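See structure below.
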2 protein chains.
Amino acid sequence: MTAALTVDLVVLTVRDDRLTVLVVKRGAPPFRGRWALPGGFVAEGEGLLDAAVRELREETGVHTIGGHLEQLATYGDPKRDPRGRVVTVAHLALVPDLPPPTAGTDAAEARWVEVAGLLEQSRVLAFDHHRILVDGVERARAKLEYSPLATAFCGDGFTIAELRHVYEVVWGTTLDPRNFHRKVTSTPGFLQPTGSSTTRDGGRPAQIYRRGHARLLHPAMLRPAEPGCP
Amino acid sequence: MTAALTVDLVVLTVRDDRLTVLVVKRGAPPFRGRWALPGGFVAEGEGLLDAAVRELREETGVHTIGGHLEQLATYGDPKRDPRGRVVTVAHLALVPDLPPPTAGTDAAEARWVEVAGLLEQSRVLAFDHHRILVDGVERARAKLEYSPLATAFCGDGFTIAELRHVYEVVWGTTLDPRNFHRKVTSTPGFLQPTGSSTTRDGGRPAQIYRRGHARLLHPAMLRPAEPGCP
DNA sequence: GGAATAGTGTCTCTAAGACATTATTCT
DNA sequence: AGAATAATGTCTTAGAGACACTATTCC
């Protein structure tokens with residue numbers, strides 16, 4: 001069987017103490033005027049990841065430099081698109097806080113929206129994008145546990161407090177600063193000291209780190225158990 | 001862009017103390033006569049998971065009852081298929097040891113092959129199926145750590161020794177029987193006692209368990225660290 | 001000096017790793 | 001009785017959680 005092929009993007013960042021996702025207002029039918037995840041058709045002779053990078057740049061002006069981009073999952077329900085058989089390969093991007101996105105060609109408007117609200121209202125996003133968002137957020141939360149990927153939310157250099165803030169916002173919990181400090185500094189390859197430190201008004205300056213070369217955390221940093229789970 | 005859409009399957013099982021994968025000998029070009037992962041085109045109006053279930057049954061006679069089937073990843077390199085643009089949604093299936101598969105319509109032959117050998121020889125399988133196999137095996141190994149999915153390799157009722165054997169074969173390690181026993185029986189929801197026990201010649205009978213209702217293990221059962229990793 | 005933030009130290013408890021012993025069947 | 005396999009128990013140690021203190025900057 002032959003199908004139209006698109007990529008969609010769950011682009012997450014941490015802004016103003018909130019986990020936010022990039023959404024665009026659709027400028028063309030179907031779902032014209034509705035909010036949706038950025039995405040679009042894969043071009044001839046174009047790889048899937050390449051298409052995701054291109055769509056992200058074209059439609060929103062966001063570049064993934066310094067961030068992280070990976071394939072999330074593929075959604076191919078026969079009825080997911082009213083136009084016919086459209087299969088989408090969803091991708092997950094984690095990026096540092098960036099200047100407000102600029103809407104591209106296909107999108108009437110692009111903006112950051114708090115994830116929490118979108119997770120509640122399953123009818124806001126077009127197509128099956130609510131499900132894709134749910135899966136993307138869960139993937140991001142899980143990946144923070146066993147990979148150093150939280151650094152993708154930070155800029156090039158960051159402090160341990162900033163990194164901890166990322167964990168707290170993505171997981172929606174609070175973490176003990178001292179135990180967190182011990183954990184991340186004792187995990188080999190997680191962080192790389194730069195030697196420099198912050199300048200700020202009031203308070204001791206903080207060491208600035210870069211992401212290390214580790215790709216997996218051993219042992220993992222588990223998020224606090226859900227209340228009522230055990 | 002429009003593309004042909006297929007599903008491919010990494011079907012793993014534990015046979016004769018070996019992790020084995022189901023492969024078929026291709027009965028039609030391209031790669032006619034070469035070994036490949038089972039799979040085929042998605043039908044009109046058919047969901048991706050439905051297509052995977054159907055192909056598994058059609059092409060090999062294997063049914064996934066009692067096992068596990070999930071989406072693995074999607075492979076869409078423009079050059080991955082000489083026929084043109086063919087995007088495949090790979091799936092991962094974990095099944096109990098089953099009677100020898102029967103080749104279906106598209107396949108000249110179907111058989112179980114030890115994974116270890118295929119991982120070494122990256123040129124045996126057609127298309128990019130070696131890469132898909134690598135990803136599938138790694139996914140399976142990782143999932144045993146934080147999910148009770150090893151039970152999918154066992155039949156309906158199984159002993160703790162059988163379950164441990166699955167872990168040992170999939171991970172390629174040996175595990176301490178006593179610590180393993182303590183771990184799986186103390187993790188809530190992992191196992192469900194049936195009350196019955198095995199009958200065998202020589203040796204104390206073993207309790208028979210069924211898979212519990214837990215879908216995630218807390219805390220995870222980590223495989224022994226790779227030598228030279230830390 | 002005082003406020004603010006960064007970093008270190010200590011105690012406890014859970015759970016994993018290593019290892020010995022007891023229990024229940026069969027021949 | 002002896003072989004074979006299942007199940008339980010103990011000691012040690014690594015690491016997470018809870019919590020108090022010291023350090024360095026700015027005003």
Side-chain angles (χ1 to χ4, degrees), chain A residues 17 144-146 154 157-168 171 173-209 214 216-227 229-230, chain B residues 17 144-146 154 157-168 171 173-209 214 216-227 229-230:
Chain A
D17 301 349
L144 291 207
E145 289 192 312
Y146 59 90
C154 302
F158 51 87
T159 68
I160 292 189
E162 284 165 1
L163 185 63
R164 176 169 49 85
H165 186 241
V166 165
Y167 274 90
E168 292 181 331
W171 284 348
T173 58
T174 58
L175 298 173
D176 185 276
R178 300 154 294 197
N179 294 337
F180 183 84
H181 190 282
R182 177 185 49 181
K183 175 66 183 172
V184 296
T185 53
S186 69
T187 302
F190 195 162
L191 299 181
Q192 201 174 8
T194 64
S196 52
S197 49
T198 55
T199 315
R200 55 170 71 255
D201 41 1
R204 175 178 173 175
Q207 298 291 331
I208 296 185
Y209 294 86
L216 240 47
L217 299 190
H218 270 303
M221 171 157 48
L222 299 180
R223 49 189 146 167
E226 305 278 328
C229 190
Chain B
D17 301 348
L144 291 207
E145 288 193 312
Y146 58 89
C154 304
F158 52 87
T159 68
I160 292 188
E162 286 165 0
L163 185 62
R164 176 168 48 85
H165 187 242
V166 165
Y167 274 91
E168 292 181 331
W171 284 348
T173 58
T174 59
L175 299 172
D176 185 276
R178 301 155 294 200
N179 294 337
F180 182 84
H181 190 284
R182 177 184 50 186
K183 175 64 184 177
V184 296
T185 53
S186 70
T187 302
F190 195 161
L191 299 181
Q192 201 173 10
T194 63
S196 53
S197 49
T198 56
T199 315
R200 55 170 72 255
D201 40 3
R204 173 177 176 176
Q207 298 289 332
I208 296 185
Y209 294 86
L216 239 48
L217 300 190
H218 271 302
M221 173 157 46
L222 299 180
R223 48 189 148 170
E226 304 279 330
C229 190

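On a predicted model such as this, the values are computed, not experimentally measured, just so you know. So that the names make sense, note that chain A is the first sequence line, chain B the second, and so on, each numbered from 1.
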Under-3.5 Å donor-acceptor pair between A:Arg178 side chain and D:dA18 base: no
For D:dT8, does OP1 or OP2 lie under 4.0 Å from any side-chain N or O of B:His181? yes
So do the side chains of B:Pro224 and B:Leu175 get within less than 4.5 Å of each other, counting heavy atoms only? yes
Separation of atom CD1 in A:Ile160 from atom C1' in D:dT24, rounded to whole Å: 16 Å
Taking the side chain as every heavy atom from C-beta outward, state whether B:Pro177 and B:Arg164 have any atom pair closer than 4.5 Å. yes
A:Phe180 vs A:Met221 side-chain heavy atoms within contact, under 4.5 Å: yes
When rounded to the nearest 0.5 angstrom, what distance separates OG1 in A:Thr159 from NE2 in A:His165? 10.5 Å
In this structure, how many angstroms lie between the C1' atom of D:dA14 and the CG atom of A:Leu222, rounded? 15 Å
Leading and trailing nucleotides of DNA chain C with any atom under 4.0 Å from heavy atoms of chain B: C:dA16 to C:dC26
Whole Å only: how far is the CG atom of B:Asn179 from the P atom of D:dT13? 15 Å
Take atom CD of A:Gln207 and atom P of D:dT24, then tell me their distance rounded to the nearest Å. 11 Å
Roughly how many Å is it from CZ in A:Arg223 to C1' in D:dA16, rounded to a whole number? 17 Å
Check the phosphate of D:dG15 against A:Lys183, side-chain N and O only, distance under 4.0 Å to OP1 or OP2. Yes or no? no
Rounded to whole Å, CD1 of B:Ile208 lies from C1' of D:dT5 at a distance of 14 Å
I want to confirm an ordering. Mapping A:Pro205 and A:Asp176 to their closest nucleotides on DNA chain C, which one lands closer to the 5' end? A:Pro205
Considering the options B:Ile208, B:Leu191, B:Val166, B:Thr194, which one meets the side-chain contact (heavy atoms from CB on, under 4.5 Å) requirement together with B:Phe158? B:Leu191
Reckon A:Pro177 touches a base, only the sugar-phosphate, or nothing at all at heavy-atom distances under 4.0 Å? nothing
Any chance you could measure B:Ile160, atom CD1, to B:Cys154, atom SG, to the nearest 0.5 Å? 11.0 Å
Take the protein atom CZ of A:Arg182 and the nucleotide atom P of D:dA14, then report the distance between them rounded to whole Å. 14 Å
Drop me the distance from B:Leu144's CG to B:Arg223's CZ, to the nearest 0.5 angstrom. 8.5 Å
Closest-nucleotide mapping onto DNA chain C: is A:Tyr209 or B:Ser186 further toward the 5' terminus? I mean the 5' end. A:Tyr209
